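Every chain is numbered from 1 and lettered A, B, ... according to where its sequence line falls, protein lines coming before strand lines. The structure displayed is predicted, hence computed values, not measured ones.
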Protein chains: 2
Amino acid sequence: MNRSKKDRILDAAEQLFSERGFDGVSMRNVADTAEVGLGLVTYHFTTKDVLFEDVVTRRAEVLNSERRKLLSELDNPSLEELLEAFFEPYRRFIASGSKGWRAYARLHAILTQDSRWTDLAARSFGAVALEMVERIMMAEPAISRGEAVRGYVHVIGIMVSVFAETGLIDRFSDGAISSRDVATSISPMVRFGAAGIRALAISETAASAPLVTLNS
Amino acid sequence: MNRSKKDRILDAAEQLFSERGFDGVSMRNVADTAEVGLGLVTYHFTTKDVLFEDVVTRRAEVLNSERRKLLSELDNPSLEELLEAFFEPYRRFIASGSKGWRAYARLHAILTQDSRWTDLAARSFGAVALEMVERIMMAEPAISRGEAVRGYVHVIGIMVSVFAETGLIDRFSDGAISSRDVATSISPMVRFGAAGIRALAISETAASAPLVTLNS
DNA sequence: GTCTATAATCAGATAGAC
DNA sequence: GTCTATCTGATTATAGAC
């Protein structure tokens, strides 16, 4: 059977939103790409905002459940094991070649960077984020809650820039590294993030003197 | 004297683009905010694309020249000193309370994340980026060029997410950390980034076995 | 340099036929 | 569920007056 027209609309919207952002896409645009009438889009989703939300939450639920599953299997994990379990489902979905998941990863970058969607982002990813912060604190007992949050947020900043495959790294490495080769990006990202978080923990006990003099 | 109307247009455009992205802003919108006629906007900038480019390049030139100046003063710096010099001008501009610079930082996040502006980003920040990669390799001789590029790109991912002040960290830390307190974010960011880059260097010699099994 | 007027197109949302 | 038609208003870009 064909996938339903509702799914076709979600797929088209996902693709277009990921390429041109919320405001760069019109409802007509979505309808045309999905090859359905405009009325059907508003029948299913009422407004453009609802459509965007539904696009985001659809795969967020899949991602969250996979992440929870992997995290629940970890017993007293190191930071590296923790981050690997966090990245692994996303990596698997993207590396499967799914056009939808690759579009979703770009959308994810838009979501975390735009304050208009902070609420939606918190609803979609907040629960697993809090679980990650707790787990970071267990893996690295010397860290404070504040620094664990900071470490997690930095990891997210790296993750979305890597999974969004913007081509920045291709450019600066003269093609030696491809941003589309997500699989080989995971291991460096895990090591970078784990070492970074550890550096945040250490700093609080030892090097708590500010490196930067504040003169403003 | 009042600042020129051309500058008022650039300021208005910067503010609006940073809040709603390229497609979320209309030329009329810019004209109204700048309190000038619509025709004057197209007289000075012809098209919306040119306006966006000019907004980006205006402060990029200021930022680049300050960064180059600080970098040129460093003699055989550690990774921490290198990153601190890289962040410091941006921190100073943002912490000065300048509304324009804070808007610009959000715009910077949009720029690095959207593949439509990869060319513009490379033109605006590419030269200093290459200098940073060279400096990273000097500070950490064990690292390959590819991994130095990767480390730099990760640092940029963290930097834009921090300077964009999206409020993500406020939310997850229950207000214990404010994303708007950019000054106190620098020192952790420096330590996180430096430790992360070192972990990339080490991994190439020692732990080169992949942490993730590739099954796709 | 500055602004008004307008052309040609496209936007989101709704009403209603099938 | 599906689509056509349409309302109302906004969009970029241009032409031309001052």
Output for pair (A:Glu19 CD, A:Thr33 OG1), nearest 0.5 Å, gives 8.5 Å

Notebook entry, point to check: When rounded to the nearest 0.5 angstrom, what distance separates CD1 in A:Ile110 from NE2 in A:His108?
Noted result: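 If we round to the nearest 0.5 Å, A:Ile110:CD1 and A:His108:NE2 are 11.5 Å apart.
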
Practice prompt. Taking the six-membered ring of B:Phe45 (Phe, Tyr or Trp), confirm whether the NZ or CZ of B:Lys6 is under 6.0 Å from its centre and within 45° of its axis.
Written response: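 Judged by the rule, B:Lys6 and B:Phe45 form a cation-pi pair.
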
Note to self: Ring-plane angle category for B:Phe17 and B:Phe22, please: parallel below 30°, perpendicular beyond 60°, tilted otherwise.
What the structure shows: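 Ring orientation of B:Phe17 relative to B:Phe22: parallel.
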
Do the ring planes of A:Trp101 and A:Phe93 sit parallel (below 30°), tilted (30 to 60°) or perpendicular (above 60°)? parallel

So the contacted stretch of DNA chain C, first to last nucleotide with an atom under 4.0 Å from a non-hydrogen atom of chain A, runs from C:dA11 to C:dT14

Going by atom types only, do B:Ser72 and B:Arg68 share a side-chain donor-acceptor pair under 3.5 Å?
-> no

Worksheet item: Side-chain donor-acceptor pair under 3.5 Å between A:Arg191 and A:Ser187, yes or no?
Response: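 Short answer, yes.
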
- Task: Starting from the first five and the last five pairs of the helix from C:dG1-D:dC18 to C:dC18-D:dG1, work out the angle between the resulting helix axes, to 10 degrees.
- Result: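 Here the local axes at opposite ends form an angle of 10°.
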
Contact class for B:Lys6 vs. all strands (heavy atom < 4.0 Å): base, sugar-phosphate, or nothing? nothing

- [ ] Specify the closest pair of heavy atoms between A:Ala31 and A:Val41, including all atoms of both residues, with the distance to one decimal.
- [x]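 Heavy atoms only, the tightest pair is CB-CG2, 3.8 Å.
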
Problem set entry | Minimal non-hydrogen separation, B:Ala164 against B:Ala109, with atom names |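 Smallest heavy-atom distance, with atoms named: CB-CB, 4.0 Å.
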
Expected list for residues 35-42 of chain A near DNA chain C, using heavy atoms below 4.0 Å, is A:Leu38, A:Thr42

Would you give me the side-chain donor-acceptor pairs under 3.5 Å for residues 120-137 of chain A, sequence neighbours excluded?
residue  : atom : partner  : partner atom : Å
A:Arg123 : NH1  : A:Glu53  : OE1          : 3.1
A:Ser124 : OG   : A:Leu120 : O            : 2.8
A:Glu134 : OE2  : A:Arg145 : NH1          : 2.8
A:Arg135 : NH2  : A:Leu71  : O            : 2.4

Check: Ion pair present between B:Arg106 and A:Asp114, side-chain N to carboxylate O less than 4.0 angstrom?
Finding: no

* Check ring-ring contact (aromatic ring centres under 6.0 Å, His included) between A:Phe87 and all other residues, then give those that pass, not counting sequence neighbours. =>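 A:Phe87 satisfies ring-ring contact (aromatic ring centres under 6.0 Å, His included) with no residue once adjacent residues are dropped.
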
Here the residues of residues 13-29 of chain A within 4.0 Å heavy-atom distance, strictly under, of DNA chain D are A:Arg28

